[in-house]
Q: 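There's a structure below that I have some questions on.
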Amino acid sequence: MTHSESLQARAEDSRGENVRVRFAPSPTGYLHVGGARTALFNWLFARTQRGRFILRIEDTDLERNRPELVEGILDGLRWLGLDWDEGPLYQSQRLAGYAAAAEKLLSIGAAYLCYCPPEKYAGGDSADEAVGAKSEIRRIVRCSCREGKPSTAEQSPAVRFRVPLGATTRFDDAVFGSREIQNDEIEDFVLLRSARPAIGGAALPTYQLGAVVDDMDMRITHVIRGADHISNTPKQLLLYRALGAVPPIFAHVPLILGPDRTRLSKRHGATSVSSYRDEGFLPEAFRNFLALLGWSSGDDTEMLRTSELIQRFSLSGVSRTNAVFDRAKLEWFNQQYLQKLPIDELLPAVQAELERAGLWRPEWATSQRDWFARSVDLLRPRTRLLPDFSHWARAFFTEDFDYDLAAREKFWKDERLPDLLARLTDELAALPDWTHDACDRALRQLAEKAAVKAALLINATRVALVGQPVAPPLFDTMLVLGKERVVARMRRALPVVSARSVAG
RNA sequence: GGCGAUAUGGUGUAAGGGUUAGCACGCGGCCCUCUCAAGGCCGAAAUCCGGGUUCGAAUCCCGGUAUCGCUACCA
């Protein structure tokens with residue numbers, strides 16, 4: 001059976017066995033949107049297949065690793081609702097396993113000790129340019145250590161994989177399809193770094209070894225990861241074979257780019273999941289948006305709640321094209337969810353926002369919960385982000401609000417207003433029943449008597465009540481605020497309106 | 001430089017030989033209207049270029065171009 005046939009067979013088998021997938025971030029930064037999307041796809045696949053979603057922390061780079069960052073990554077996953085079934089496991093605590101695997105490869109001749117100094121091959125593009133763009137220094141590593149003839153034996157050695165030359169390696173990617181590469185194009189990559197005194201002699205694995213050993217140990221059936229790993233796959237396949245293991249199915253997902261079509265990075269602005277949480281996006285909206293970046297359900301449905309995503313997700317719907325992160329569409333999703341989420345699911349998010357803004361009152365969660373729910377329901381059609389509740393809608397939650405300058409200039413200009421608003425205040429104060437229609441009638445009758453358009457009074461009153469040019473329909477607003485607050489706010493506004501209209 | 005992948009309106013995508021190339025965001029207009037949203041309707045806007053294969057190509061093949069990835073004792 002050829003290698004690709006065994007992969008095929010594996011694909012068949014996997015339906016019958018329990019699917020196990022993993023998300024394996026390295027704690028070198030926060031959880032960024034690309035990582036979050038990879039995590040989401042893994043999670044969706046696990047939930048769709050009734051499998052297990054496992055978390056693994058790849059912290060084998062002592063130089064760049066920042067242990068304190070792990071909690072932030074976990075927070076990001078929790079916020080997105082991506083709960084894991086196992087882990088987090090830390091690679092730094094599993095060093096013995098990697099050393100054992102390397103030892104085994106060494107003993108069967110699939111790997112060898114390399115005594116070359118690390119600097120010999122380090123440098124990347126910058127070194128490339130330093131020597132000259134046309135140079136061919138970027139070559140596939142095949143040093144004399146491979147033949148057991150190290151040029152020096154003065155340093156502690158690294159373990160390199162002995163790539164079997166003259167053959168080809170192929171695999172079937174669940175997204176990108178059949179892949180094939182000449183082994184001669186694959187360098188003898190490092191498995192185990194050379195021991196360094198500073199580290200206390202512990203041999204640290206590279207990504208290639210760590211990932212393969214762990215994926216074997218954890219019985220991972222499907223490796224779903226960013227397409228930047230697609231060229232690593234043949235190396236790992238070679239490792240699986242050398243270790244006598246059946247490889248998992250690989251599914252590479254396209255990358256997420258910034259508006260300029262380069263890989264998403266800090267200079268594109270917000271790239272961490274937490275920054276979107278802080279800006280007031282709802283996790284479900286963010287998740288929905290992220291799911292549609294590089295995946296399509298197949299039909300025209302875009303608003304997909306989590307349960308629907310789980311129902312519909314499939315690797316075959318994953319695109320092969322890199323996707324641009326479109327903030328405008330993310331905001332649209334957020335607005336949709338702000339409007340359509342069941343009110344009970346929205347309330348906690350609004351509460352958190354009001355708490356953040358110092359406007360929250362505990363009774364809104366208890367004795368005045370109905371009032372709070374009604375207010376949020378009234379406000380939400382014109383919110384796009386959570387902070388809208390504490391910004392333009394501030395006056396719904398506190399007496400401490402200002403009159404917006406533009407609103408005053410636009411709606412308090414008419415010189416008849418001081419008199420009209422004073423009369424309206426008296427009319428409202430005298431109303432026996434505080435209902436939408438009673439308020440409506442009182443205002444329109446006054447407008448008719450005074451021969452002015454109702455809109456003049458409506459807009460001026462709106463500014464008096466909430467200080468903003470933008471707010472829900474006036475009589476709904478009056479109802480939610482209640483008679484006492486409405487009358488009091490109008491009396492408070494009268495002198496300001498007078499000053500305004502006189503000055504104007 | 002080498003190796004590889006990808007290519008549908010500005011953006012996310014659908015259409016896997018035969019459609020007036022569909023949907024959504026964004027954009028413009030109209031309706032609704034008490035401000036602003038929402039909602040409804042209408043509109044502008046795309047198959048990277050060039051060769052093949054075929055009666056017929058967005059779809060298959062080749063070349064070019066562009067973009068992205070890998071080319072670390074990073075992951």
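Per chain, numbering begins at 1; letters A, B, ... match sequence-line order. Keep in mind it's a predicted model, so treat the numbers as computed, not measured. Side chains included, hydrogens not; waters and symmetry mates left out as well; all remaining heavy atoms used.
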Q: Which sits closer to the 5' end of RNA chain B, A:Leu292 or A:Thr383, going by the nucleotide each is nearest to?
A: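 Result of the comparison: A:Leu292.
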
Q: Measuring only the P atom in each nucleotide, how far is B:U6 from B:U13? A whole number of Å is fine.
A: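 Those two atoms are separated by 15 Å.
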
Q: For the pair made of CG in A:Leu257 and C1' in B:A7, what is the distance, rounded to whole Å?
A: 13 Å

Q: Should A:Asp377 and A:Arg374 count as an ion pair when the cut-off is N to O under 4.0 Å?
A: no

Q: Starting at CD of A:Glu63 and ending at P of B:A75, how long is that distance when rounded to a whole Å?
A: 10 Å

Q: Is a side-chain donor-acceptor pair under 3.5 Å present for A:Asp260 with A:His268?
A: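 Yes - a donor-acceptor pair under 3.5 Å links their side chains.
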
Q: Select one nucleotide: of B:G12, B:U8, B:A75, the one nearest the side-chain heavy atoms of A:Leu293.
A: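 Nearest to the side-chain atoms of A:Leu293, counting from C-beta on, is B:G12.
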
Q: Of all the nucleotides listed (B:U13, B:U6, B:C73), which has the minimum atom distance to the side chain of A:Phe176?
A: B:U6

Q: Distance between the C1' atoms of B:A72 and B:A58, in whole angstroms?
A: 40 Å

Q: Taking the same atom, P, in B:A66 and in B:C27, what whole-Å distance lies between them?
A: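 Here B:A66 and B:C27 have their P atoms 33 Å from each other.
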
Q: Nearest to the side chain of A:Arg193, which nucleotide is it out of B:C73, B:A5, B:G69?
A: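 For A:Arg193, the side-chain atoms sit closest to B:C73.
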
Q: Quick one: label A:Pro25 by what it contacts on the DNA or RNA (base, sugar-phosphate, nothing), any heavy atom closer than 4.0 Å.
A: nothing

Q: Nearest to the A:Arg263 side chain among B:G12, B:C34, B:G69, which nucleotide is it?
A: B:G69

Q: When all nucleic acid strands are considered with a 4.0 Å heavy-atom cut-off, which category describes A:Ala158: base, sugar-phosphate, or nothing?
A: base

Q: C1' atom, B:A44 versus B:C25: distance in rounded Å?
A: 16 Å

Q: For a quick check of understanding: with a heavy-atom distance under 4.0 Å over all strands, which category does A:Asn232 fall into, base, sugar-phosphate or nothing?
A: base

Q: Nearest to the side chain of A:Glu185, which nucleotide is it out of B:G2, B:A38, B:G22?
A: B:G2

Q: In the strands shown, is B:G39 matched to any nucleotide by a Watson-Crick or G-U wobble pair with both distances under 3.5 Å, and which?
A: B:C31

Q: How do A:Gln208 and A:Ile181 order along RNA chain B: which one's closest nucleotide is nearer the 5' end?
A: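 This one resolves to A:Ile181.
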
Q: Is the distance between the ring centroids of A:Phe325 and A:Tyr276 under 6.0 Å?
A: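 That pair passes the under 6.0 Å test.
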
Q: Does a side-chain heavy-atom distance below 4.5 Å link A:Val463 with A:Pro469?
A: no

Q: With rounding to the closest Å, how many angstrom separate the C1' atoms on B:U20 and B:U47?
A: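 Those two atoms are separated by 15 Å.
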
Q: Taking the same atom, C1', in B:A75 and in B:G12, what whole-Å distance lies between them?
A: 28 Å

Q: If B:U8 has a Watson-Crick or G-U wobble mate with both distances under 3.5 Å, name it; if not, just say none.
A: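 Its partner: none found.
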
Q: So, applying side chain to side chain contact (heavy atoms under 4.5 Å, CB included) with A:Phe23, which one of A:Ile57, A:Ile224, A:Leu40, A:Leu31 is it?
A: A:Leu31

Q: Pairing check on B:C73: which nucleotide meets the Watson-Crick or G-U wobble criteria with it, both distances under 3.5 Å?
A: none

Q: How far, in whole Å, is B:G9 from B:C48 if one measures between their C1' atoms?
A: 13 Å

Q: Contact class for A:Arg64 vs. all strands (heavy atom < 4.0 Å): base, sugar-phosphate, or nothing?
A: base

